[in-house]
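Step one of this worksheet: look at the structure below.
A note on names: the letters A, B, ... follow the listed sequences, proteins ahead of strands, and every chain is numbered from 1. Scope of the values below: all heavy atoms of this structure, side chains included, with no hydrogens, waters or symmetry mates. Nothing here was measured: the structure is a model prediction, and the numbers come from that model.
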Amino acid sequence: MKREKAMSRYNAKEVEAKWQASWAEHKSFEVEADPARPKYYVLEMFPYPSGRIHIGHVRNYTMGDVVARYKKAQGFNVLHPMGWDAFGLPAENAARDKGVHPADWTYANIAHMRDELKGMGLSLDWSKEIATCHPGYYGHQQKLFLDFFKKGLVYRKESWVNWDPIDMTVLANEQVIDGKGWRSGAVVEKRKLDQWMFRISDYSEELLNALEKLDRWPDRVRLMQQNWIGRSTGAHIAFDIIGEDDPLNIYTTRPDTLFGASFMAVSADHPLTQRLAKDNPAVRDFVAECHRMGTSEEAIEKAEKKGVDMGLKVAHPFIKGKTLPVYVANFVLMDYGTGAIFGCPAHDQRDLDFARKYGLDVTPVVSPDDQTPEIGDTAYVGPGRIINSDFLNGLEVEAAKAEVIRRLEELGKGAEKVNYRLRDWGLSRQRYWGCPIPMIHCAKCGTVAEREENLPVKLPDDVTFDKPGNPLDHHPTWKHVNCPECGGEATRETDTMDTFVDSSWYFARFCSPRADKPVERDKVDYWLPVDQYIGGIEHAILHLLYSRFYSRAMMQTGWSHVEEPFAGLFTQGMVTHETYKSASGEWLLPDEVDQNDAGNLIEIATGKPVTVGGVEKMSKSKKNVVDPGAIIEKFGADAARWYVLSDSPPDRDMEWTDAGATGAWRFVQRLHRYILENRDMAAAPGTAMPGEFSDAAMKLRKAAHKTITQVTENIEELHFNNAIARIYEFMKALSEYKFEAGEDGKWALRESMEVIVQLIAPMMPHLAEELWQALGHDTMLVETAWPKADPVLIVEDRITMAVQVKGKLRATIEVALNEESKRVEEIALAEKKVQNAIGDAPIRKVIVVPNRIVNVVI
RNA sequence: GCGGGUGUGGCGGAAUUGGUAGACGCGCUGGUUUUAGGUACCAGUUUCUUUGAAGUGGGGGUUCGAUUCCCUCCACCCGCACCA
């Protein structure tokens with residue numbers, strides 16, 4: 001009997017498979033460039049093929065799918081492709097740990113994840129699928145690299161890496177834990193290696209200025225990029241080193257505080273430090289200590305401010321006879337400015353911490369109130385006038401900066417300088433599973449480009465991961481080639497490219513994914529830029545900035561016409577879940593936890609109570625993950641899609657709860673049941689619209705058309721949770737509708753049923769398609785135009801206005817739309833509750849905001 | 001440490017961007033239906049000392065009016081250049 005009841009329910013699994021097959025058969029989402037039609041390019045950040053999709057993917061791709069399906073219904077030629085960010089470290093880890101070849105591991109993962117994505121019913125054009133680890137992709141990436149090289153956008157430079165001395169390998173920052181290698185446990189060293197670099201810093205100003213034009217990007221992302229590029233105006237100052245010919249060049253943004261300088265600080269990697277370290281053990285030890293700190297800016301900034309006096313003195317450029325000691329300090333970054341600063345402790349917190357530690361002078365030179373400020377443990381960084389500074393005294397900070405620069409220029413000891421925080425992009429990785437850099441080192445000719453006819457430079461398949469270091473370097477034959485210039489013996493570059501390179505142009509490749517060159521101009525000219533890009537906020541800076549650089553570089557090499565790859569950007573929040581711990585303190589999967597009869601959470605296996613922890617980002621380590629496959633199996637893809645959209649604003653984190661998913665599933669059942677049980681009461685499809693409607697029918701029609709307007713607006717703004725709330729409201733209005741025998745009532749019912757089915761279609765495409773058919777249509781909903789609201793039906797002639805007395809709500813009144821303010825005031829004051837609230841007090845003022853509110857001030 | 005963000009009932013959140021705080025959903029309470037229910041339907045649900053008052057993380061300010069703007073403090077989250 002149980003089965004019988006279940007059979008009468010909507011069978012999501014069956015129905016979803018049916019429509020997925022139907023869309024595939026009809027090639028519903030396969031598109032070609034068609035200049036006669038308006039295009040819309042929807043793209044979600046492509047996934048790393050880890051093996052299984054996670055619920056964050058479900059949320060991300062559902063959002064993109066809603067936009068894609070909606071835009072298609074609006075008549076756009078919609079490109080909505082999918083691919084795989086398939087190079088990267090995890091494949092090599094799997095190779096090392098499990099003995100699987102990275103390619104086999106990756107392609108198996110892709111196959112599985114592709115099936116999972118197909119089960120979600122996404123409107124993807126699978127004929128355009130790409131994987132970055134395929135030579136058909138990375139070969140073209142090598143061509144772009146060579147073009148960039150010829151334009152001078154690529155160069156080689158020594159730079160610092162994390163080096164594991166036992167594994168003999170370069171470590172990613174995340175592989176360095178507390179200064180030690182994650183596998184070997186060896187203390188990590190900083191080491192200098194020759195690295196390939198992209199000249200992104202050439203575009204600093206351009207990348208900064210163009211942010212202004214990205215008006216469909218979140219402000220916070222633009223702000224983060226702006227801060228990352230970090231344009232500052234300051235000064236270069238040359239300090240004469242006592243007893244030496246060459247000066248110490250520093251960069252400062254506060255030249256106005258020059259008279260407050262009490263020491264110089266240079267980076268551990270500064271040439272001066274390197275030179276002095278040779279004869280000075282204290283300096284050498286300190287440099288070694290700095291090199292154990294790791295390469296991340298975070299590690300450097302968080303470390304205690306330390307330094308060593310290197311015994312040198314420099315002369316103050318303006319104070320005769322004053323000298324300043326030169327320290328090597330751990331908080332000075334070689335990559336920023338010149339790698340050297342002057343320290344003015346009174347007006348910089350780091351300098352102050354340093355000065356207090358080493359007993360250096362603290363001289364205030366900026367005063368907020370013309371008094372000499374007391375400097376304790378907090379530096380004064382605010383505005384004010386200059387004091388204790390000779391010719392600068394009395395000037396405001398900005399005027400003082402200009403004046404000191406003018407004086408320095410006169411002396412030939414300095415100049416104004418614009419500086420950027422943005423560094424060139426180091427793309428070399430000493431790893432196997434990445435795109436080979438198509439360069440060859442020849443003893444005679446130097447480093448030369450591989451010939452284009454030899455592209456792609458393919459990765460060798462026969463590699464081993466049992467030896468420390470880079471497998472490409474170990475390979476017996478791969479790197480040995482003839483020089484393309486002289487034909488002599490030479491070796492290939494064994495570095496591969498950063499995976500950020502792969503993801504910096506994939507959106508362009510999607511336009512012509514099988515072309516025999518990186519991109520076809522007519523295709524990118526039609527499709528680019530991406531109209532709506534959707535992905536995580538964690539990519540706010542690097543991936544997006546690198547892609548913006550790549551677009552410009554591709555423009556410069558003639559491949560494209562767009563500066564900005566992503567016209568619209570949306571960053572969705574993460575999916576979170578409660579964490580659970582067993583009685584013995586082990587993390588538990590949500591599936592291992594259930595409620596007992598008393599409503600307490602217990603571990604299913606043991607029956608023991610479970611400790612509920614915080615709601616956190618889903619992570620394998622804390623086991624607070626849900627498996628999308630299991631969710632879709634249980635509730636269907638539509639319910640899962642509906643739920644990830646319904647509860648939280650898309651840019652915020654959402655908490656996954658079982659109850660929420662069940663709620664979505666219930667709505668699926670409810671709508672399905674409603675349409676199937678009541679469709680016979682509705683007019684036949686295609687019936688002509690009656691000339692007149694009863695009040696009830698009219699009320700329903702108004703609700704339907706208002707809902708069309710609201711849902712359309714909500715989807716345009718990507719406020720999917722609000723769209724769903726409006727659909728719920730309309731569902732309520734629909735179920736409260738009393739059926740009428742007349743043709744007008746039947747017609748209104750059909751209209752409303754069709755409207756709700758069309759409005760849910762972007763979110764729940766399978767159910768919508770099924771119900772569309774159930775309503776008697778033999779066309780596919782996926783090919784049906786988006787409903788249009790009748791403007792006549794969405795204007796209300798009477799509205800409710802709130803009446804406040806002294807800012808507090810006392811009554812509401814109903815008035816005509818756009819009623820005269822004077823009349824509104826009369827009606828409001830006549831209200832009994834309003835009069836009670838006013839009492840005997842004299843009315844000082846009445847504020848009437850048309851169609852909104854009345855506030856009586858007493 | 002630096003940069004960016006978030007904070008509203010028991011829970012997720014809404015609020016036309018300065019104008020009725022709590023839409024919509026979950027949960028809960030009561031009722032109806034059903035052979036049964038982790039079903040369906042109906043009603044209620046911010047709190048309190050309830051003729052009223054308080055209330056959007058805490059404190060202060062601007063305003064006729066503040067979830068919204070300003071100052072300050074607290075908590076949590078994201079990024080920091082070799083994870084993707």
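- Interface remark: the Gln195(A) side chain does form a donor-acceptor pair with the C82(B) base, using a distance-only criterion of under 3.5 Å.
- To the nearest 0.5 Å, the span separating OH on Tyr138(A) from OG1 on Thr496(A) amounts to 10.5 Å.
- Annotation: of the two residues near RNA chain B, Lys305(A) and Asp498(A), the 5′-most nearest-nucleotide partner is Lys305(A).
- With a glycosidic angle further than 90° from 0, G57(B) counts as anti.
- With rounding to the nearest 0.5 Å, the separation of OH in Tyr420(A) from CD1 in Ile200(A) is 13.0 Å.
- What you find for Asp85(A) and Tyr48(A) is that their closest heavy atoms are O-CD1, 3.0 Å.
- Using a 4.0 Å heavy-atom distance criterion, Leu422(A) is classed as a base contact.
- Residue whose closest nucleotide on RNA chain B sits further toward the 5' end, between Leu223(A) and Leu809(A): Leu223(A).
- Straight-line distance from the CD atom of Glu677(A) to the C1' atom of A40(B): 10 Å, rounded to whole Å.
- Considering only the side chain of Arg726(A), C24(B) comes nearest among C24(B), G19(B), C80(B).
- In this structure, Tyr674(A) places its OH atom 14 Å from C1' of C41(B), rounding to the nearest Å.
- For Glu301(A), taking side-chain heavy atoms from C-beta onward, the closest of the listed nucleotides A84(B), G1(B), C78(B) is G1(B).
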Under 3.5 Å for both distances, Watson-Crick or G-U wobble, that's the pair rule; now give the dot-bracket for RNA chain B, with | marking pairs to another strand and [ ] for crossing ones. (((((((..(((......[....)))((((((.......))))))(((...)))..(((((..]....))))))))))))....
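- Taking atom P in both C41(B) and G79(B), one finds a spacing of 42 Å when rounded to whole Å.
- Contact annotation: Arg429(A) side-chain N/O to C82(B) OP1/OP2 distance is under 4.0 Å.
- In this structure, Arg421(A) forms a cation-pi arrangement with Trp228(A), its terminal cationic atom sitting closer than 6.0 Å to the ring centre and no more than 45° off the ring axis.
- Between Lys808(A) and U20(B), a side-chain N or O to OP1/OP2 separation shorter than 4.0 Å is absent.
- The listed nucleotides are A81(B), G19(B), C82(B); the one nearest the side chain of Val170(A) is C82(B).
- For Arg421(A), no side-chain nitrogen or oxygen approaches OP1 or OP2 of C80(B) to under 4.0 Å.
- In U17(B) the base sits syn relative to the sugar, since the glycosidic angle is no further than 90° from 0.
- Counting to the nearest Å, the C1' atom of G3(B) and the CG atom of Leu211(A) are 14 Å from each other.
- Here the nucleotide nearest the side chain of Asn721(A), chosen from G4(B), A84(B), G13(B), is G13(B).
- Atom CG in Asp348(A) sits about 15 Å away from atom P in G1(B), given to the nearest Å.
- The side chain of Asn722(A) has A14(B) as its nearest neighbour among A14(B), U16(B), C41(B).
- Contact check, Asn173(A) against A81(B): a side-chain N or O comes under 4.0 Å of OP1 or OP2.
- Heavy-atom neighbours of Lys192(A) NZ from other residues, nucleotides or ligands within 6.0 Å: above the threshold of 12.
- To the nearest 0.5 Å, atoms OG (Ser503(A)) and CG (Leu542(A)) are separated by 10.0 Å.
- Taking every side-chain heavy atom of Ile541(A) into account, G79(B) is the closest of G79(B), A40(B), A81(B).
- One cannot find a donor-acceptor pair under 3.5 Å joining the base of C80(B) and the side-chain atoms of Glu297(A).
- Using C1' as the reference atom, G25(B) and U35(B) are 32 Å apart when rounded to the nearest Å.
- Straight-line distance between the P atoms of U32(B) and U17(B): roughly 46 Å, to the nearest whole Å.
- Proximity note for Arg652(A) (side chain, C-beta onward) versus A21(B), G13(B), C82(B): the nearest is G13(B).
- Between the P atom of C26(B) and the CH2 atom of Trp642(A) lies a distance of 12 Å, rounded to the nearest Å.
- Regarding contacts with the backbone of G25(B), every side-chain N or O of Ser646(A) stays at 4.0 angstrom or more from both OP1 and OP2.
- Of the P atoms belonging to G13(B) and G18(B), the separation is 23 Å, rounded to the nearest Å.
- Taken to the nearest 0.5 Å, the CZ atom of Arg183(A) stands 7.5 Å off from the CD atom of Gln175(A).
- No side-chain heavy atom of Asn109(A) sits under 4.5 Å from any side-chain heavy atom of Ser50(A).
- Among the nucleotides C24(B), C64(B), U20(B), the one closest to the side chain of Ile847(A) is C64(B).
- Using a 4.0 Å heavy-atom distance criterion, Gly536(A) is classed as making no nucleic acid contact.
- Distances from the side chain of Asn227(A) to the nucleotides C82(B), G65(B), G3(B) place G3(B) closest.
- For the pair Asn855(A) and U63(B), the criterion of a side-chain N or O lying under 4.0 Å from OP1 or OP2 is not met.
- Separating the CD1 atom in Ile760(A) from the CG atom in Leu671(A) is a distance of 5.0 Å, to the nearest 0.5 Å.
- Below the 3.5 angstrom threshold, one finds a donor paired with an acceptor across the side chain of Arg431(A) and the base of C82(B).
- Ranking G79(B), G1(B), A84(B) by closeness to the Glu298(A) side chain, first place goes to G1(B).
- Within the 4.0 angstrom heavy-atom criterion, base atoms lie near Ser428(A).
- Between Gln710(A) atom CD and C24(B) atom C1' there is a gap of 12 Å when expressed in whole angstrom units.
- When the P atom of A23(B) is taken as reference, atom CD of Glu713(A) falls 21 Å away, rounded to whole Å.
- With rounding to whole Å, Lys845(A) atom NZ is found 17 Å from G19(B) atom P.
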Less than 3.5 Å apart, which donor and acceptor atoms pair up between the side chains of residues 844-858 of chain A and the rest of the protein, not counting sequence neighbours?
residue: Asn851(A); atom: OD1; partner: Asn818(A); partner atom: N; Å: 2.9
residue: Asn851(A); atom: ND2; partner: Asn818(A); partner atom: OD1; Å: 2.8
residue: Asn855(A); atom: OD1; partner: Gly807(A); partner atom: N; Å: 3.1

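- Residue side chain Gln430(A) reaches the base of C82(B) through a donor-acceptor N/O pair under 3.5 Å, judged by distance alone.
- For Arg666(A), a side-chain nitrogen or oxygen approaches OP1 or OP2 of G27(B) to under 4.0 Å.
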